[in-house]
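Structure record follows, encoded as structure tokens.
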Amino acid sequence: MAAPLPYCGRFAPTPSGPLHFGSLIAAVASYLDAKAHHGRWLVRIEDVDKPRAVAHADTTILRQLEAHGLHWDGDILYQSQRDPIYQAAIETLTARGLCYYCTCTRKQIKARGAHYTGYCRDKHRSSEGAAIRFRNDRAVTAFQDAWQGEVHIPAEFAHEDFVLFRRDQLYTYQLAVVMDDIAQGVTDIVRGADLLTASSWQLTLWQQFTERQPRLMHVPLALDPEGRKLSKQNHAPALCDSKVPEQLAAAFAFLGLDAIELSDDPATMLAAATQQWATKYLF
């Protein structure tokens, strides 16, 4: 087996609007974990779902990160520019007999139950108007998470034949995120707990392309007063440029760190938080 790669983490926002407090928590957690490990921290713009991308949101996000002292290593990768990589991955899986065409609509799938049942698995559909699904025969149903502990995914979800290429001719996040993490040498994925369940599918794809598996940490989600995840869809307010120290301090507190003195220099606050993170969360 190859020697382990040096630590490499990443923050991968969708450019559907500016960052909000929930986004900041994920960015800060992944940044602190990378710096505490003396590793690299990448930023990737996850715009594989092209219709969701909002014009100039990527530049707003990058400016917000810089304003908070969250400076990345290397170049920014844009998923929207990587269709040939994703197509090659599907061709590799197809050659192994691990893909099939599916013409089921969402309404049809929902009528059959909570999860896709593999209805089109052996029907030999044509490509016209069809999605491409992964033949999920070796699902990852459990894994260790640095924050959540031992995680067990419900079998019905973990074993579902998930979509790699949509009927509207777009590659899916599940495929793109795995191919990009592997290509960029990402070793550690620190992100919000809303993606905990999807990790099952992603780890399953990982094992098709490499022997190594990433280390995972899914941090808690910030919620609005109604108990919903802070998100752009739920109209979470954007980060405020004039409140950077306060926003950083709030993110540190949310992640369980002790109070850190406010400073107009974000780097000073991040350095203190990195020391705390190394003491509290490095294993």
[Y] and [X], any side-chain heavy atoms less than 4.5 Å apart:
X	Y	answer
L65	Y31	no
S23	H20	yes
D181	W206	yes
D180	L77	yes
T172	V48	no
P214	T187	no
L255	W277	yes
D241	R63	yes

Inter-residue atom distance [X].[atom1] - [Y].[atom2], 0.5 Å rounding:
X	Y	atom1	atom2	result
T204	D137	OG1	CG	10.5 Å
R121	K123	CZ	NZ	12.0 Å
L248	L24	CG	CG	6.0 Å
D47	S80	CG	OG	3.5 Å
D58	I45	CG	CD1	5.5 Å
L270	L70	CG	CG	5.5 Å

I need the minimum non-hydrogen distance between [X] and [Y], along with the two atoms involved.
X	Y	result
P15	E46	CD-O, 3.6 Å
V219	A29	CG1-CB, 3.9 Å
Q247	C240	OE1-N, 2.7 Å
R82	M179	NH2-O, 4.3 Å
N136	H159	ND2-C, 3.5 Å
Q276	I260	NE2-CG1, 3.6 Å

Taking the six-membered ring where the residue is Trp, are the ring centres of W201 and F157 under 6.0 Å apart?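 Yes: the rings meet the under 6.0 Å criterion.
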Between W72 and F11 (judged by ring centroids, cut-off 6.0 Å), do the two rings come close enough to count as a pair? no
Under-4.0 Å salt bridge between [X] and [Y]:
X	Y	answer
D258	K280	no
K50	D83	yes
R10	D188	no
D145	R215	no

Run the side chain to side chain donor-acceptor pair (under 3.5 Å) check on D49 and Y171 step by step: do they pass? CA-CA 7 Å; D49 190 347; Y171 298 95; over 6 Å; no
Strictly by modelled atom types, are [X] and [Y] linked by a side-chain donor-acceptor pair under 3.5 Å?
X	Y	result
Q213	Q207	no
S199	H218	yes
E66	H68	no

Could you walk me through whether L196 and F143 pass side chain to side chain contact (heavy atoms under 4.5 Å, CB included), step by step? CA-CA 10 Å; L196 187 65; F143 53 88; 4.0 Å; yes
Side chain of [X], backbone of [Y]: donor and acceptor closer than 3.5 Å?
X	Y	result
T210	R212	yes
S200	V140	yes
R40	D73	no
T60	H56	yes
Q202	V178	no

Whichever hydrophobic residues join Y116 through chains of side-chain contacts under 4.5 Å: Y100, I109, Y119
Evaluate side chain to side chain contact (heavy atoms under 4.5 Å, CB included) for I132 paired with C102, printing each intermediate quantity in order. CA-CA 6 Å; I132 298 176; C102 171; over 6 Å; no
Measure up the F254 and F21 rings against each other and bin them: parallel (under 30°), tilted (30 to 60°), perpendicular (over 60°). perpendicular
What do you reckon, is CG of D168 surrounded by more than 12 foreign heavy atoms closer than 6.0 Å?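 Yes - once you tally the heavy atoms of other residues, nucleotides and ligands closer than 6.0 Å, there are more than 12.
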Tell me, yes or no, whether the heavy-atom count around R96 atom CZ, taken from other residues, nucleotides or ligands under 6.0 Å, exceeds 12. yes
Common cluster, [X]/[Y], ILVMFWY with side-chain heavy-atom separation under 4.5 Å:
X	Y	answer
F209	I85	yes
Y173	V190	no
L164	L170	no
I182	I76	no
V43	V244	yes

Run L262 and E246 through side chain to side chain contact (heavy atoms under 4.5 Å, CB included) and show every step you take. CA-CA 7 Å; L262 299 185; E246 293 83 0; 4.3 Å; yes
Salt bridge (Lys or Arg N to Asp or Glu O under 4.0 Å) against R135, all qualifying residues, sequence neighbours excluded: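 For R135, the residues satisfying salt bridge (Lys or Arg N to Asp or Glu O under 4.0 Å) (neighbours in sequence not counted) are D122.
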How far apart are the C-alpha atoms of T105 and R167, what are their side-chain angles, what is the distance that settles it, and do they pass the side chain to side chain contact (heavy atoms under 4.5 Å, CB included) test? CA-CA 9 Å; T105 65; R167 296 176 69 199; 3.3 Å; yes
